[in-house]
Amino acid sequence: MRGAKSRPQPSSLLGLVPRRTSLDATGPSVELAVVQCAPRKGDVAANLRRIEEAFAALRHDRSPFPDVVIFPEASLSGYFVEGATVEVARRAETVVDELARSARRACGRKVGPFDVVVGFYEEQDGQYYNSALYASLGRRPVLRHVHRKLFLPTYGIFDEERFVSRGTSIEAFDVPYGRAAILICEDACHSLAVTIAALRGAQVLYVPSASPGRGMEDVEPANVRLWRDVLRVAAAEHGIFVVYAGLVGFEGGKGMSGASRVIGPFGDLRAEAPFEGATILRVRIDLGDVRVARAALPALGDLEANLGQLSSMLARTSGQSVPAVGARAARRR
Amino acid sequence: MTAAGFPIVRAPAASATDVRIDPALVRRWLVTFLREEMIVRRGMRTAVVGVSGGVDSALVAFLCAEALGPANVYGVRMPYRTSAEESFRHAGLVQEITKIHDVVVDITAAVDGYLRYEPDASPTRRGNVMARQRMIVLFDLSAKYGGLPVGTGNKSERLLGYFTWHADDSPPINPLGDLFKTQVWQLARHVGVPREIVEKPATADLIRGQTDEEDLGITYERADRILSLMLRGYGQAAIAACGFRRRDVRLVWDRVNATHWKRHLPTTAVVSPTAINEFYLRPVDY
């Protein structure tokens with residue numbers, strides 16, 4: 001796999017990045033590895049082997065083994081599978097068991113417990129979803145969360161809702177280093193979805209994605225530029241880390257434009273992988289930056305203060321009549 | 001600056017009809033497409049391209065040579081007795097520059113062997129027979145060389161229906177199918193296709209002296225911008241308001257709407273709840 005290019009100097013959207021290293025921040029430090037990969041279409045077993053190869057590559061890397069390894073949307077099958085969704089879908093628990101076996105084979109006992117985020121087509125009681133799971137892999141694997149994609153693109157070259165059902169919730173969940181949330185691809189294009197994740201306490205937002213490259217009038221596909229802009233604004237507005245894992249490879253003429261990236265809570269781009277080719281992106285983050293960023297730009301706090309009125313406005317907009325929700329009531333912690 | 005001291009910032013003139021591409025990006029994208037579709041997905045390293053002497057096939061030859069290496073590309077020249085000598089020479093120039101294999105198959109005997117029984121065939125029918133004969137050659141040579149035929153049809157001719165069904169459109173992969181003709185010209189200049197090929201009038205060379213633009217009744221430069229707006233969802237009145245003649249808009253509109261069938265597989269009578277590509281849906285690469 002090619003080494004990812006880190007952007008040399010992070011810059012925030014508002015020039016708020018303090019001139020310091022993460023050593024000043026006091027939060028937990030988390031080593032991330034985003035694995036930008038091209039699955040073999042429909043071959044779940046081969047793609048699990050590929051994940052195992054990624055674990056092995058990380059084990060032999062000169063940096064310490066990561067705390068979290070993140071894979072893109074539909075990593076076990078490829079994205080465009082149409083009616084074959086029923087053939088490639090797995091139960092989340094089954095996937096965790098398979099990932100744990102892969103981790104054991106690749107790392108043995110030389111690597112301690114670590115976490116994974118993996119996008120996959122999920123089957124649960126005869127229902128099918130475009131999902132991503134968060135699990136801790138160790139002696140006793142723990143499935144911490146499954147996010148089911150809510151915004152199923154069904155327009156243009158996309159046809160998701162024909163084959164999978166919508167998810168119905170956005171949750172944040174406890175992880176060894178704090179709180180995290182997952183949104184899948186188009187979910188994260190909707191600022192309201194990111195807001196809900198942040199209000200529920202997420203400090204790190206994982207975004208597994210599969211974005212076909214299109215719009216070739218500039219030096220990079222237009223969707224790559226759009227995603228970068230959208231996610232930087234999302235990170236800065238909410239003072240959260242955003243970790244985007246993009247699929248690569250061509251699927252029936254549609255080239256997935258990886259450009260996996262990690263964005264800091266100032267909206268600062270920490271590192272970005274090329275939009276083509278399998279790549280592992282390695283970034284160490286310090287969750288103390290979330291506190292620093294929110295102190296500098298308390299947009300999330302301002303939002304919480306106005307949440308009651310905003311909720312009423314939203315309810316009126318959608319034709320419902322519900323009492324105003326107290327700001328703190330929206331938080332689950 | 002106004003008299004009151006307010007600086008005025010004006011938006012640059014934007015054109016809704018721009019079909020510009022970044023040729024370096026598109027070149028990189030299409031080279032990757034060829035490698036992934038051929039080598040990664042199909043395990044094939046050999047391409048067979050019909051090189052006519054026109055810009056589309058010249059560009060595909062250049063892209064295939066870059067993606068697969070010239071030793072893995074067969075450029076096939078397939079003249080008919082009425083084909084322009086210039087086309088044959090230009091095709092040879094492409095082989096020479098790209099260093100791909102140069103294969104010549106004269107299709108005259110095969111085409112005339114059939115047309116002997118249809119002496120009154122119209123020029124259009126004769127053109128279709130030639131186009132389909134060329135595909136017979138390309139697919140057969142692909143079997144001979146263990147390769148894959150690579151298509152050369154562009155988006156403009158696909159949308160305008162200006163091609164022979166089950167001929168030009170039949171190769172299993174096509175790097176140019178989503179590029180308008182004017183974008184093909186941009187990319188061809190960028191990769192180094194000789195100017196004399198890029199700048200000559202486009203022709204299918206099926207009938208002596210014909211040109212695409214005379215056949216179509218509109219220049220590609222105008223047609224592409226109208227097509228681009230049409231595909232983005234603008235109506236005829238809105239397109240005309242961008243400065244196009246209503247006659248041209250109508251011409252393009254009607255050609256596209258009369259040829260949807262040419263961009264699909266044959267229509268199959270559905271009689272079961274498992275009809276292929278209707279109920280039973282699997283992607284092409286599954």
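What you see below is based on every heavy atom in this structure, not just the backbone, and it leaves out hydrogens, waters and symmetry mates. All chains are named by letter (A, B, ...) in the order of the sequence lines, taking the proteins before the strands, and each is independently numbered beginning at 1.
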**Student:** Can you tell me how far the CZ atom of Arg41(B) sits from the NZ atom of Lys41(A), to the nearest 0.5 Å?
**Tutor:**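 Output value for this atom pair is 8.5 Å.
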
**Student:** Is it the case that the side chain of Glu37(B) and the backbone of Gly253(A) share a donor-acceptor pair, with hydrogens and angles ignored and the cut-off at 3.5 Å?
**Tutor:**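 The answer is yes, because a donor-acceptor pair under 3.5 Å joins these two groups.
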
**Student:** Looking only at non-hydrogen atoms, find the nearest pair between Trp29(B) and Pro221(A) and report the distance.
**Tutor:**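 Reported closest heavy-atom pair: CZ3-CG, 4.0 Å.
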
**Student:** Taking all atoms of both residues into account, what is the closest heavy-atom pair of Met216(A) and Val26(B), and its distance?
**Tutor:**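 Heavy-atom minimum between the residues: CB-CG2, 3.6 Å.
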
**Student:** Does Arg232(B) CZ have over 12 foreign heavy atoms under 6.0 Å away?
**Tutor:**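 Counting neighbours around CZ of Arg232(B), more than 12 heavy atoms of other residues, nucleotides or ligands fall under 6.0 Å, so yes.
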
**Student:** Going by distance alone, is a donor N or O of one side chain under 3.5 Å from an acceptor N or O of the other, for Glu82(A) and Tyr286(B)?
**Tutor:**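 No, Tyr286(B) and Glu82(A) have no side-chain donor paired with an acceptor closer than 3.5 Å.
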
**Student:** Below 4.0 angstrom, N of the basic side chain to O of the carboxylate: do Glu87(A) and Arg282(B) qualify?
**Tutor:**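 Counted as a salt bridge, because a side-chain N and a carboxylate O are separated by less than 4.0 Å.
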
**Student:** Do you know the tightest heavy-atom contact between Glu36(B) and Phe250(A)?
**Tutor:**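 Shortest heavy-atom contact: OE1-N, 2.9 Å.
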
**Student:** Would you say Glu251(A) and Asp285(B) make side-chain contact, with heavy atoms under 4.5 Å?
**Tutor:**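 A side-chain contact exists here, since the closest heavy-atom pair is under 4.5 Å.
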
**Student:** For Arg45(B), I'd like to know if atom CZ has over 12 heavy atoms of other residues, nucleotides or ligands within 6.0 Å.
**Tutor:**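 Count not over threshold, so no.
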
**Student:** Considering residues, nucleotides and ligands other than Tyr234(B), do more than 12 of their heavy atoms fall under 6.0 Å from its OH?
**Tutor:**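 Open: at most 12 neighbouring heavy atoms sit under 6.0 Å from OH of Tyr234(B).
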
**Student:** Should we count CD1 of Ile39(B) as having more than 12 external heavy atoms under 6.0 Å?
**Tutor:**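 For Ile39(B), atom CD1 is crowded (more than 12 foreign heavy atoms under 6.0 Å).
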
**Student:** Nearest heavy-atom pair of Asp218(A) and Leu25(B): which atoms, and what distance?
**Tutor:**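 Shortest heavy-atom contact: O-CD2, 3.1 Å.
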
**Student:** Given a strict heavy-atom distance threshold of 4.5 Å, which part of Arg40(A) is in contact with chain B: side chain, backbone, both, or neither?
**Tutor:**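 No part of Arg40(A) comes within 4.5 Å of chain B.
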
**Student:** So which of Tyr280(B), Phe279(B), Phe33(B) has the biggest tally of heavy-atom pairs under 4.5 Å with chain A?
**Tutor:**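 Among the listed options, the one with the most contacts to chain A is Phe33(B).
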
**Student:** What's the shortest heavy-atom distance between Arg162(A) and Glu278(B), and which atoms?
**Tutor:**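 So the minimum-distance heavy-atom pair works out to NH2-O, 3.2 Å.
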
